[in-house]
Amino acid sequence: MCGIVGYVGDKQALEVVVSGLRRLEYRGYDSAGVAVIADGRLDVRKKAGKLVNLETLLGADPLAESTTGIGHTRWATHGGPTDTNAHPHVSEDGTVAVIHNGIIENFAELREQLTADGVHLASDTDTEVVAHLLARTLPQAAGNLTEAMRLVCRELQGAFTLVAIMTEDPDLVVGARRNSPLVVGVGEGENFLASDVAAFVEHTRNALELGQDQIVTLTKDAVSIIDFDGHRVEPSPYSVDWDASAAEKGGYDLFMLKEIAEQPKAVADALRGRIGRDGRLQLDEMRLDDAALRSITKVIVVACGTASHAGMVAKYAVEHWTRIPVEVELASEFRYRDPIVGPSTLVIAISQSGETMDTLMALRHAAEQGAPTLAICNTVGSTIPREADAVLYTYAGPEIAVASTKAFLTQIIAAYLVGLYLAQVRGTMFADEIGRIMAELNDMPQKVDLVLDTVEPVRAIARELAGCSSVLFIGRHVGYPVALEGALKLKELAYMHAEGFAAGELKHGPIALIEEGVPVVVIVPSPRGRALLHDKLLSAIQEVRARGARIIAVAEEGDERITPFTDHVIRVPIVPTLMQPLVSTVPLQVFACEMATAKGHDVDQPRNLAKSVTVE
Ligand code: AGP
């Protein structure tokens, strides 16, 4: 998704803005640009491709010195990734520059109006429309950019975060948001705007949340906020809970490798402080009262991608502990299927970024139907937890790599905590049972650490299979969502066909895919728990092996029954059945990361992908 940075203060704006854009690179983009105000005029440079292209341009054709500037990394929606379509966009009279994240859904009619008025639009973008509208609205706004922004925003439909500067007032940056994220960084004699705190956290950790339909005006010494009706809004300050180094690679070649290695600590942090002195679970951010939780008759999880797989894992545990039916819905499908949702439905939105538009829209739909909502999120102050009735933060720390790893494990942990909390409030589990499960969960950081110590052979297997055209993943019970997650990791990183199946489904069609040499990754359940499940997986292994498949099994230590039927066995520690995803997923993350590395791909920023998909 697009990266946005705005700055006004005493430093050289270009340096602040470009380093801020670099910290937002992980969001995924395909062009970049900056604009500053110097000597009463706008100075703009923009370039297709990665930031390095823009920096090369700036080296050859430097910007004027300035202490006010905006910058943007664009993930193309309307119009291809070209120099002309890159942001910032400038009004025809050269007085206003604007950058934008989101989609302006009525931009076509706005374009037509402008064209009819004789305005020449240089780009194919929806954003350029705003630059012209702002400049044309300034006269009726008495030259006030904030007022002009307010009047223009009222004409726009869709999701947008806009940041603009104008030559008439060089010490001013104005931003507006509807649906797409925008945060304010409050410094000493300087202020920042960004789509993510990572852009300014090296300068200040004091942030302000911007709400829906709000406009923020920054000078170097002041920040003021109004809503789209012009009413003053008191900001909600918060402190960023991590520092710039947390968003660095810390000696790893890849953010993804760092974040895979951080998983034991992330799991421990997600669990920390959740048990009170009385031994009972305490979820401080759970702002839903016990009576409301007792009246719940159904849980619906809405999420996308990896987050939806975490929801699928959680379903098994939450249903087992609470005896409440749990539906897991792809957020992008949820509100279009006229779901059965009401005051007795708890809707849980799982989202690492807290800005995924599909999930946000599903959450809003649920709230409109009167359902209590809970967010499981990793980004403090982001939109989804702000709009939910309650939140459980995963505290995994910033996840920079596009491919989600530690967020997935901590989302499972958080969903388990919600399930145990529901069981505690509703009395479907005894305190000692909850205590036992919490003790087992508290062992997980060390178990995940053990996996990390033994994943080296996975890298060799990945390199051996790098030339394959596809890889299949099969699992049963909680191993089924793990199979889906393993396949997703391979798709998004190795750009290869990969598919996850419920092992029992193979004989209903997918087994036709099996031919000589096809790699099949099998997530094997413990032979100790549900022995029947283990037997079934063993049958599935033999069915595909008989047709030439290469078997890579992820199986627990000591399970020798499967060894004769496999080409490779990746061992994971023995853990309770419901916690197996926490250990069996890790080798699959390493597998995909290594395969992508072997293929020479950009692992942290895979092609076509964004870290947070803030458009529907
Ligand atoms: C996972 O590796 C992907 N990056 C993607 O599926 C992601 O999980 C999905 O877009 C949801 O993102 P969120 O958790 O920030 O809402």
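Just so it is clear, the model here is predicted, and its values are computed rather than measured. Both ligands and their constituent atoms are indexed starting at 1 by order of listing.
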Checklist entry - Is the closest N or O pair between Val402 and ligand 1 shorter than 3.5 Å? => result yes
Next on the checklist: Ignoring hydrogens and geometry beyond distance, is a side-chain donor-acceptor pair present between Thr383 and Arg177 at under 3.5 Å?
Outcome noted: yes
Item to check | Contact summary for Asp358 and Ser332, nearest pair of heavy atoms | outcome: CG-CB, 3.7 Å
Checklist entry - Passes side chain to side chain contact (heavy atoms under 4.5 Å, CB included), Val586 versus Leu409? Steps please. => result CA-CA 9 Å; Val586 177; Leu409 266 57; 4.2 Å; yes
Item to check | Identity and separation of the nearest protein heavy atom to atom 10 (O) of ligand 1 | outcome: Val613 CG2, 4.4 Å
Next on the checklist: Return the closest protein heavy atom for atom 12 (O) of ligand 1 as residue, atom name and distance.
Outcome noted: Thr356 OG1, 3.5 Å
Next on the checklist: Taking distance alone, with N or O pairs closer than 3.5 Å, would you say Lys489 contacts ligand 1?
Outcome noted: yes
Next on the checklist: Quick one about Ser612 and Ser353 (side-chain donor to acceptor, distance below 3.5 Å, no hydrogens or angles considered), yes or no?
Outcome noted: yes
Checklist entry - So Glu262 and Lys406, salt bridge (charged side-chain N to carboxylate O under 4.0 Å, His left out) or not? Walk me through it. => result CA-CA 7 Å; Glu262 287 174 334; Lys406 61 180 182 174; 2.6 Å; yes
Checklist entry - Short list, please: which atoms of ligand 1 are under 4.0 Å from a heavy atom of Gln352? => result 13 (P), 14 (O), 15 (O), 16 (O)
Item to check | Enumerated ligand 1 atoms positioned under 4.0 Å from heavy atoms of Ser404 | outcome: 1 (C), 2 (O)
Checklist entry - Atoms of ligand 1 less than 4.0 Å from Ala403 heavy atoms? => result 2 (O)
Item to check | Identity and separation of the nearest protein heavy atom to atom 2 (O) of ligand 1 | outcome: Glu492 OE2, 2.4 Å
Next on the checklist: If we ignore hydrogens and angles and just use 3.5 Å, is the side chain of Thr585 paired with the main-chain N or O of Leu582 as donor and acceptor?
Outcome noted: no
Next on the checklist: Measuring from non-hydrogen atoms of Ser612 to any atom of ligand 1, is the shortest distance under 4.0 Å?
Outcome noted: no
Next on the checklist: I need the atoms of ligand 1 closer than 4.0 Å to a non-hydrogen atom of Thr306, numbered in the order shown.
Outcome noted: 1 (C), 2 (O), 6 (O), 8 (O)
Checklist entry - Which ligand 1 atoms are under 4.0 Å away from a heavy-atom of Gly305? => result 6 (O)
Next on the checklist: Just verifying a value: how many Å separate Gln352 CD and Phe408 CZ, rounded to the nearest 0.5 Å?
Outcome noted: 13.5 Å
Next on the checklist: What I want to know is whether Lys611 and ligand 1 share at least one N or O pair that is separated by under 3.5 angstrom.
Outcome noted: no
Item to check | Side-chain donor/acceptor of Arg178 to backbone N/O of Ala159, under 3.5 Å | outcome: no
